[in-house]
Amino acid sequence: MPETATDSGTSRARSWWGWGYADAHPDDAECVAMGGLLPGTLARPLPIPRVADLPIGRPGVTPPSSLAHLVTADPDTRAAHAMGKAYRDVIRALRGRPGRIPDLVAHPARDQEVADLLDWAGEYGVAVIPFGGGSSVVGGVEYRGDAHRAVLSLDLTSMDRVLEIDTAGRAARIQAGALGPVLEEQLRPHGLTLRHFPQSFEFSTLGGWLATRAGGHYATVRTHIDDFVQSLRVITPAGAGTSWRLPASGAGPSPDRLFLGSEGALGVITEAWMRLQERPRHKISASVAFADFHRALDAVRAIAQSDLAPANCRLLDPGEAALSGATRDGSAVLVLGFESATAPVGDRLATALDLARTHGGRGQAPTADRDAPADAAVSAWRSAFLRMPYLRDGLARMGAVVETFETAATWEKIPALIDAVRTEVGAAALKATGHPATVNCRLTHVYPDGAAPYFTVAVAGRPGDEVEVWDDIKAAASDVLHRYRATITHHHAVGRDHRPGYDLQRPEPFALALRAAKDALDPHRILNPGVLLD
């Protein structure tokens, strides 16, 4: 029986249990070599899990004949829709404990089919989990509990077309199931791009980006998918609605804001008008090394508070810089990049480098800015950025606990917050495992008033108890974030894993309004139960 799912639009197989493509995962020898870097890991890797070994029973519900052509009970497809791609998901699959596997998977191709599926599910008490690329790392696409008769995974990737392009207004109406590459391929002939490139770009959809308020390519200014939205079309159990397409509006609370970040709990986003850009013709990048990480933070703040607006402004602490191969001399590394469709950007980079040097940075600007080759540190970071999820899964096979979490806070809290996370999360990992942990940090997005630190934790786990170990570490991290009033998530969404922190973060009057919206739009409580609210 196949252990992979075929990627939409290609013949390359996707891994059902881990990140990305099945043929891109480290082999056993590479896993062993990586495990040797973390004392206490297993002597040999856990075997690749097989769908045939999972306890996949018969569906608990049968759809009516009018919907049967939209739905499958194929075991491989059901397994591939059971979880997202967090460490918890990967290690559960490796240990043969994937949790509740959906009874059915639906692939609607039209809005009316989505509405019909929701009507049927509401009548028969079937939980509906909207599913795009399945790249959630916060438990956002799985069902937990037993309150529903059955579970339907609503896969939107058949709805993947660019339906209309307004070249004068530089916008397009796009179906929500379009994966990143599928979307960009359709825009390319028009010389336009959405230019939203999260790490999951290959394996996530427009609808998923919108439903989770995903962060993307830009490290400053337009950091989230929200910034590109003109209007949304949403199908709810209470009916369908489309917001007006406008450049801006002051007409009351924004209807789009209700569904951006709603994670499929209030409705299913089926299409959106998105603001586009001309494809950039001028690009330039450089790296800057710092002997002092806190001085590097000051340099990044100065650049963020200027009007330079770099597309990339990612600061790697010494551990992260070494892990990515950007440097191995103990320096922190700032990766800077600028781009434009209309004008050279070399002067902007030169000014940013000057600002960095005033805070102890060491770096030189390239001599050209049209298709200028990236320096070695920038190239190393980019390669490591794309490869890292696969390496995480390889380490998971060695019984290691390797995961990330991110946050955002105002500048006056950032230095102490980062230090506290390193200290307290490291202590929690040591207590849970008996092994010292590596806790690295990078800034992924920066603002005039604050920044988004992104942490990577790696430690040898307790064999068989890896999920419990990660939950203990995650709880310690969440406690630190709450104490510093840092957000429980900057761009990974809430899902089910971040619910405790989200419940503490949101004001109670807003929670009351959100519950009322849930009651009105989803009266049978079938949409992604447990996400955002009970």
Side-chain angles (χ1 to χ4, degrees), residues 1-8 13-20 22 46-63 67-68 70-108 117-118 120-121 124-158 203 205 208 263-265 268 393 396-397 464 466-467 470-471 495-497 525-531:
M1 180 178 292
E3 296 175 358
T4 56
T6 300
D7 193 18
S8 177
R14 291 271 301 275
S15 172
W16 74 266
W17 63 272
W19 183 264
L46 297 170
I48 298 294
R50 303 190 313 151
V51 173
D53 296 331
L54 298 179
I56 302 179
R58 293 177 59 85
V61 68
T62 301
L67 299 177
L70 302 175
V71 173
T72 180
D74 170 68
D76 287 31
T77 305
R78 291 166 64 187
H81 288 75
M83 300 179 296
K85 301 302 182 185
Y87 171 81
R88 296 180 89 257
D89 306 326
V90 171
I91 198 67
R92 284 187 295 161
L94 288 168
R95 293 293 186 183
R97 301 192 293 261
R100 177 81 176 261
I101 293 172
D103 296 78
L104 299 166
V105 178
H107 290 90
L117 287 162
L118 293 184
W120 166 69
Y124 286 90
V126 176
V128 178
I129 313 296
F131 192 99
S135 63
S136 171
V137 293
V138 292
V141 293
E142 67 176 275
Y143 181 86
R144 297 179 188 172
D146 57 5
H148 292 79
R149 176 181 178 184
V151 178
L152 174 73
S153 179
L154 187 67
D155 188 316
L156 296 177
T157 52
S158 293
F203 314 113
T205 63
E263 302 189 39
V268 180
D393 291 357
R397 291 186 61 202
E466 294 91 351
V467 170
W470 173 244
D471 287 346
R496 293 165 178 81
D497 296 345
R525 296 277 174 151
I526 60 169
L527 283 174
N528 220 0
V531 166

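Note that the coordinates shown come from a computational prediction; the quantities given were computed from them, not determined experimentally. Worth knowing before you read on, the calculation uses all heavy atoms, side chains too, and leaves out hydrogens, waters and symmetry mates.
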Identify each donor-acceptor pair in which a side-chain atom of residues 124-139 lies under 3.5 Å from a protein atom, sequence neighbours left out, and give them as a table.
{"unit_1": "S136", "atom_1": "OG", "unit_2": "V138", "atom_2": "N", "d": "3.3"}
{"unit_1": "S136", "atom_1": "OG", "unit_2": "G140", "atom_2": "N", "d": "3.0"}

Under 3.5 Å, which donor-acceptor pairs do the side chains of residues 80-87 form with other protein atoms, sequence neighbours left out?
{"unit_1": "H81", "atom_1": "ND1", "unit_2": "T77", "atom_2": "O", "d": "2.7"}
{"unit_1": "H81", "atom_1": "NE2", "unit_2": "D155", "atom_2": "OD2", "d": "2.6"}
{"unit_1": "K85", "atom_1": "NZ", "unit_2": "S15", "atom_2": "O", "d": "3.2"}
{"unit_1": "K85", "atom_1": "NZ", "unit_2": "W16", "atom_2": "O", "d": "3.3"}
{"unit_1": "K85", "atom_1": "NZ", "unit_2": "G18", "atom_2": "O", "d": "3.0"}
{"unit_1": "Y87", "atom_1": "OH", "unit_2": "A400", "atom_2": "O", "d": "2.7"}

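In terms of modelled atom types and a separation under 3.5 Å, the side chain of R58 and the main chain of A73 share no donor-acceptor contact. Side-chain atoms of D103 come within 3.5 Å of backbone atoms of V151 as a donor-acceptor pair (strictly under, hydrogens ignored). Judged purely by atom type and a 3.5 angstrom limit, R78 has no side-chain atom pairing as donor or acceptor with the backbone of D74.
In this structure, E263 has no salt bridge (charged side-chain N to carboxylate O under 4.0 Å, His left out) partners at least two apart in sequence or on a different chain. Not counting sequence neighbours, the partners of H148 by the ring-ring contact (aromatic ring centres under 6.0 Å, His included) test are Y143. Every residue meeting the side chain to side chain contact (heavy atoms under 4.5 Å, CB included) condition with L94, not counting sequence neighbours, appears here in chain and number order: W17, L46, P49, V90, I91, A396, R397.
Rounding to the nearest 0.5 angstrom, the gap separating the CZ atom in F203 from the CZ atom in R14 is 5.5 Å. Atom OG1 of T72 and atom CG of L104 lie 8.0 Å apart (nearest 0.5 Å). Atoms OG and CD, from S153 and E142 in turn, are 11.5 Å apart once rounded to the nearest 0.5 Å. Atom CG of L118 and atom CG of L154 lie 6.5 Å apart (nearest 0.5 Å). The structure places CG of L70 at 9.0 Å from OG of S158, a figure rounded to the nearest 0.5 Å. The structure places CZ of R144 at 4.5 Å from CG of D497, a figure rounded to the nearest 0.5 Å.
For the pair V51 and I56, the minimum side-chain heavy-atom distance is below 4.5 Å. Considering only heavy atoms from C-beta on, P98 comes within 4.5 Å of L54 through its side chain.
Heavy-atom minimum distance, A106 versus V71: CB-CG2, 4.0 Å. Shortest non-hydrogen contact noted between I101 and A79 is CG2-N, 4.3 Å. Scanning all heavy atoms of the two residues, the minimum distance from W19 to D393 falls at N-OD2, 2.7 Å.
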Going through the checks in order, is the side-chain contact (heavy atoms from CB on, under 4.5 Å) test met by V268 and L527?
CA-CA 9 Å; V268 180; L527 283 174; 4.2 Å; yes
Please report the C-alpha distance between R97 and E466 in whole Å, then the side-chain angles of each, then the deciding distance to 0.1 Å, and finally whether the salt bridge (charged side-chain N to carboxylate O under 4.0 Å, His left out) criterion is met.
CA-CA 12 Å; R97 301 192 293 261; E466 294 91 351; 5.0 Å; no
Walk me through it: do T205 and L156 pass the test side-chain contact (heavy atoms from CB on, under 4.5 Å)?
CA-CA 9 Å; T205 63; L156 296 177; over 6 Å; no
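Listed by first then second residue, pairs satisfying salt bridge (charged side-chain N to carboxylate O under 4.0 Å, His left out) with a partner in residues 124-134 number zero, not counting sequence neighbours.
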